[in-house]
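Down below is the structure, laid out as structure tokens.
Residue numbering restarts at 1 for every chain, and letters A, B, ... go by the order of the sequence lines. Heavy-atom basis, side chains included; hydrogens, waters and symmetry copies ignored.
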2 protein chains.
Amino acid sequence: MTVYSFIFYLTFAFQKFIIMYRTHTNGELRLNNVNEQVTLCGWVQKAREMGAMTFVDIRDRYGITQLVFDEEHTKIAKSLGREDVIQITGKVIERESKNKNIPTGEIEIIVEKFTLLNKSKTPPFTIEDKTDGGEELRMQYRYLDLRRNPIRKNLELRHKLSIEVRKYLDAIDFLEIETPYLIKSTPEGARDFVVPSRMNPGQFYALPQSPQTFKQLLMVSGYDRYYQIVRCFRDEDLRADRQPEFTQIDCEMAFVEQEDILNTFEGMMDYLFKKVKNIELKQFPRMSYADAMKNYGCDKPDIRFGMTFNYIDAITKNKGFNVFDSAETVIAIVAEDCASFTRKQLDALTDYVKRPQVGAKGLVYLRCNEDGTYKSSVDKFYNEPDLKTWAEKCNAKAGDLMLVLSGDLAATQKQMNDLRLHLANELGLRNPNEYAPLWVYDFPLLEWDEESGRYHAMHHPFTSPKTEDLHLLETDPGKVRANAYDLVLNGTEIGGGSIRIHDRAVQSRMFDLLGFTKEEAQAQFGFLLNAFEYGAPPHGGIALGFDRLCALFGGQETIRDFIAFPKNNNGRDVMIDAPATIDKKQLDELFIDVKEL
Amino acid sequence: MTVYSFIFYLTFAFQKFIIMYRTHTNGELRLNNVNEQVTLCGWVQKAREMGAMTFVDIRDRYGITQLVFDEEHTKIAKSLGREDVIQITGKVIERESKNKNIPTGEIEIIVEKFTLLNKSKTPPFTIEDKTDGGEELRMQYRYLDLRRNPIRKNLELRHKLSIEVRKYLDAIDFLEIETPYLIKSTPEGARDFVVPSRMNPGQFYALPQSPQTFKQLLMVSGYDRYYQIVRCFRDEDLRADRQPEFTQIDCEMAFVEQEDILNTFEGMMDYLFKKVKNIELKQFPRMSYADAMKNYGCDKPDIRFGMTFNYIDAITKNKGFNVFDSAETVIAIVAEDCASFTRKQLDALTDYVKRPQVGAKGLVYLRCNEDGTYKSSVDKFYNEPDLKTWAEKCNAKAGDLMLVLSGDLAATQKQMNDLRLHLANELGLRNPNEYAPLWVYDFPLLEWDEESGRYHAMHHPFTSPKTEDLHLLETDPGKVRANAYDLVLNGTEIGGGSIRIHDRAVQSRMFDLLGFTKEEAQAQFGFLLNAFEYGAPPHGGIALGFDRLCALFGGQETIRDFIAFPKNNNGRDVMIDAPATIDKKQLDELFIDVKEL
């Protein structure tokens, strides 16, 4: 085992490593260090006077240590301000009043020697777990915000996750291979960031939206297990919590089927949860896209809680309620123990579904009262036995609340999904420290685009159709399922991938279906198609959103504080003030002009 | 120890992992697998007929396995072409004639079932260790070139190195923190690649030449041990073996002095050599910049061999030889056991130093003959006793050859450095499998720029002057040495760094010296200077060229084949044909025009 030689070398390295500025970090000293003379460095967290003495908390990345400045030194201590950088030497003593909340809380240091390493201006917000700084101010002074424990812990978690991802993949023969950042723009898909080339006037590189084509080329090259933790770029109008640059765990495997990939990355998730959070994932269900849409109305269901969909068309139609009668579908969910919802609460839910972002026309409810009676908002049309069949059909029990939406199938599924998640949030059913991963598979291969009047690839044009659906390619292309899958965690898609086409005949049919001429296919994907002529193995892969994965592991919803230097919703880094104008000389060298604005 | 739980989890992952396409790789089977039924996949390396049988070598990333197609199947085998992708099932048998050159050479597989997974066109060059493909063709079909063993081994070495770098740094509390790729252009230094911003019309991001400012900000933020294996970009006219995008091991530490950084990264090099190449580095000398220039005429000496400089002005001048008399300096090196060099060899050396790239006017030699006599090209001016003093001064012994250059100090040092390296190459003294690392330190802080008539920072404006030279800042700035250092390996600079200024008074003096007004300093480095107001700790760092490190570990001089998808000397990726023109629509969205060319 190489562990021993590794430890040997580290010891060796440490012996060589003479720490000059400090003997210990601020998270390190314990009772067994009492009476040692130590030197510490760090930032002044706070100071407080107690008679002739002054107590100063000194902070670094590793923790906080309490310093005691006695009468002789207290004048120095009084001159200290928050965030001053100091170095002290002194003796470790046992504290009289111990602080059990911090690991160094049993000791303190009697300061004997003091050096002010750097003075700090008063920071614009407090460097505390709960800071008084607003979002904008903290973004502007990101370097100060990064000093706060919650953000530091996020970045430490990110580091830990990346180390463990690499350990797992390295141990099962994956190779990390770096792919280029200066590549070629493709008109398909999202918008590229481009980079003008000075050496090739009038020409542009593009920054990769993902290393997709390169990883497929690597499969052609025989690197049958590739990964990369890699930056990707997408020039999209930024929705909340999207970044123009983001990090992906990008993977591809050859000589595999879908099952191999699902198992490999299910194994990775198991491993990460165990190693990073000490959680044993109990279940890792798999669900077809069709079932996800049917039962949850969305392709990334949050399965930490129930409230699955019930289709109650058969028992609700033809009772004179025109809304249901004219609807393509009627869907109900059951909110357990919510029969006691007040009128106000029900109105709020109705308002919620009627918001333009959700788009429902109204909401029908059915209270399954504790006494066995039923009360609905459509009592006019349905009698007690009718309502009872609703409850029975949906397994609603006394004390539960049923919520019903109706309309076109797709729209109603989407609305009910919104309502389900909204209600779960309200009910506290989405515990960020509970983890429910899920594979969703058998996505449709194609989606019909009304505007262009043709099919588009749902994933990308190299995604493989399922063998058993191949015959439908000619007769009913919209029904063809793909060997495509998403990894979903707590209702968030954290990864997705597919088995790729490696058979030229299938690829050719695929391009026909997508309306590509041979020339167009060659112009857009030429180098990959050429490569496929020289012995492409069966292959497939997956890409995981690393920022999002970190946020979920951190039990948070937004990715911004898991990125050291994020951009705002306008794609700006407000700390460094980028983007910015550049010199005319630079523009000239690049053979470009900025248009009159 | 976490090793066990790690192994547990991998076992768990493997159990889940059902390999469907193959039971083994092509590097895996041994005598103890005899009689097993196996399924293999891979590329056809070659086929040869032997009577009714056909032998086919099947290749993947892991190795080569010999297949035997018997009479029944030989027709299939005969139809196979090089690089076809096949899957076979068959029985492992012991070979009659074993091949000791490959790990699977004791067995072969009797093919029972065969599937052609993909046909290949005949590749444009052979996929062999020694290929018949030229550089250009191989770049165009890079995905085929990557199949060749030598390139695959390079990329595997790169992966191994990155894993071990991370292991070492992770174990001593370094955090890998990702810094942004879309940053701000700075007019100082090399040329930036820029990225027009669609959301901020007329404004541009720049791609980082290095994360320098961000890593210093992270020190201000308290992340006292940062690293990142990170892509960097430089829009320079490409010299041979430079890439517009390159990878750096970027590191920074706080609360350290130069000695701490040298020790930490010396430890890393020791560790990497031991782990990756099983080499114990015996020596890791340190040499001042002044000594390097004096003894080797360059700041990155190759110390695998001697031939250090001897300054023989005192004993060569005033003997009537005008060339030496009028020279600022006379420098000699001793080539051991080279007295027997022929006239032709000496002429070739003279021609070498007279090349415009070297620029010497001529070369003086002195043969120390085996019989104790001396023969020089300047016998006219120097008698036997004179020449003897040369030899004695330089410790040249009988059988050695002395080579002498003269002229201005800096020019002569440079020429002699060129000659020394050239001669060492000729004599085979630069063994790529011998490793001689070296720290060069105490670089000058400033260099005088004739054109602008002012000093420039040799490293960058945040590099710290040596405390003991601080007083010279006012009186003789050119003499001030910096806390800057380079890591040199076999005559190649593989890394460099410095202790940064963290004291605002020193920084201010530095900017004055560099001719910055307060406003200019603020405009260019504002966010960093602002950050320095809020408690910057003493800090310093280093960046290592990862591509170059990989090449040196691979015993090679050029980096190109240690990068999966490199660019050519015009910055082009000839495989994907990038850069390329982009749509007018894209230009319009970015508010830019391409100038008429």
Indicate whether any N or O donor in one side chain lies under 3.5 Å from an N or O acceptor in the other, for B:E178 and A:T247. yes
Relative to chain A, which of B:F527, B:F193, B:Y143, B:F233 shows the most heavy atom pairs under 4.5 Å? B:Y143
With a 4.5 angstrom heavy-atom cut-off, is it the side chain or the backbone of B:I127 that approaches chain A, or both, or neither? neither
For A:F546, is it the side chain, the backbone, both or neither that has a heavy atom under 4.5 Å from a heavy atom of chain B? side chain
Could you tell me which portion of A:E589 (side chain, backbone, both or neither) has an atom closer than 4.5 angstrom to a non-hydrogen atom of chain B? side chain
Under the 3.5 angstrom rule, does the side chain of B:Y223 hit a backbone N or O of A:L146 as a donor-acceptor pair? yes
Checking heavy atoms, do the side chain of B:Q258, its backbone, both or neither come under 4.5 Å from chain A? neither
What heavy-atom pair brings B:D573 and A:F214 nearest, and what distance separates the two atoms? OD2-CE2, 4.3 Å
Heaviest contributor of heavy-atom pairs below 4.5 Å to chain A, chosen from B:N570, B:I183, B:D593, B:I229, is B:D593
Chain A contact via B:S197 - which portion, at a heavy-atom distance below 4.5 Å: side chain
Max heavy-atom pair count under 4.5 Å with chain A, selected residue of B:A254, B:S120, B:C41: B:S120
I'd like to know which of A:L590, A:V44, A:D588 tops the heavy-atom pair count under 4.5 Å against chain B. A:D588
When B:T581, B:V220, B:L117, B:L155 are compared by non-hydrogen pairs under 4.5 Å with chain A, the top option: B:V220
Top of B:T122, B:D60, B:D145, B:T213 for chain A proximity - count of heavy-atom pairs under 4.5 angstrom: B:T122
Taking A:I163's backbone N and O only, do any of them form a donor-acceptor pair with B:D170's side chain (distance below 3.5 Å, no angle check)? no
Close aromatic pair by centroid cut-off 6.0 Å: B:Y534 and A:Y141: yes
Contact origin within B:R152 toward chain A - heavy atom pairs under 4.5 Å: both
Can you tell which of A:Q203, A:R82, A:K160 has the highest number of heavy-atom pairs within less than 4.5 Å of chain B? A:Q203
Parallel, tilted or perpendicular: rings of B:Y181 and A:Y181 (30°, 60°): tilted
When you compare the side chain of A:F204 with that of B:I592, does any pair of heavy atoms fall below 4.5 Å? yes
Between CG on residue A:N530 and CD on residue B:Q140, distance to nearest 0.5 Å: 8.5 Å
Top residue by heavy-atom pair count (under 4.5 Å) with chain B, among A:K184, A:Q87, A:E83? A:K184
Quick check on the interface: out of A:T25, A:V195, A:L218, A:D235, who has the most heavy-atom pairs with chain B under 4.5 Å? A:D235
Between A:W43 and B:G535, the two heavy atoms sitting closest are NE1-O, 2.9 Å
Flag for B:Y21-A:D260: side-chain donor and acceptor within less than 3.5 Å: no
Could you tell me which non-hydrogen atom of A:A564 sits nearest to which non-hydrogen atom of B:I177, and how far apart they are? CB-CG2, 3.6 Å
Is a side-chain donor-acceptor pair under 3.5 Å present for B:Q586 with A:R191? no
Find the one option among B:S162, B:G81, B:G526, B:P196 whose heavy-atom pairs under 4.5 Å with chain A are most numerous. B:P196
Short side-chain to backbone donor-acceptor contact, B:R147 and A:G222, under 3.5 Å: no
The interface call for B:L262 against chain A, heavy-atom contacts under 4.5 Å, is neither
Best-contacting candidate, A:D84, A:I151, A:I576, against chain B by heavy atom pairs under 4.5 angstrom: A:I576
For the student: nearest non-hydrogen atoms of B:N118 and A:A536, plus distance: ND2-O, 2.8 Å
How long is the gap from CZ on B:F255 to OG1 on A:T39, to the nearest 0.5 Å? 12.5 Å
Identify which of A:M575, A:R59, A:R148 forms the greatest number of heavy-atom pairs closer than 4.5 Å to chain B. A:M575
Does any part of the side chain of B:R142, heavy atoms only, come nearer than 4.5 Å to the side chain of A:L217, both counted from C-beta? no
Under 4.5 Å heavy-atom distance to chain A, tell me which part of B:M199 shows up: side chain, backbone, both or neither. side chain
Whatever's closer than 4.5 Å to a heavy atom in chain A on B:K567 counts as side chain
Please flag which part of A:D547 lies under 4.5 Å from any non-hydrogen atom of chain B: side chain, backbone, both or neither. neither
Taking side chain as everything from C-beta outward and backbone as N, CA, C, O, which of these in A:E236 sits under 4.5 Å from a heavy atom of chain B? Side chain, backbone, both or neither. backbone
Region of B:Y227 that comes under 4.5 Å of a non-hydrogen atom in chain A: side chain
Portion of A:A206 that has a non-hydrogen atom of chain B nearer than 4.5 angstrom: neither
Quick check: does any side chain N or O of B:R231 sit under 3.5 Å from a backbone N or O of A:T179, one acting as donor and the other as acceptor? yes
How close do B:D224 and A:R61 get, heavy atom to heavy atom, and via which atoms? OD1-NH1, 3.0 Å
Distance-minimising heavy-atom pair for A:L182 and B:P244: CD1-CB, 4.3 Å
Is it the case that the side chain of B:H159 and the backbone of A:E176 share a donor-acceptor pair, with hydrogens and angles ignored and the cut-off at 3.5 Å? yes
Interatomic distance, B:F591 atom CZ to A:K595 atom NZ [nearest 0.5 angstrom]: 8.5 Å
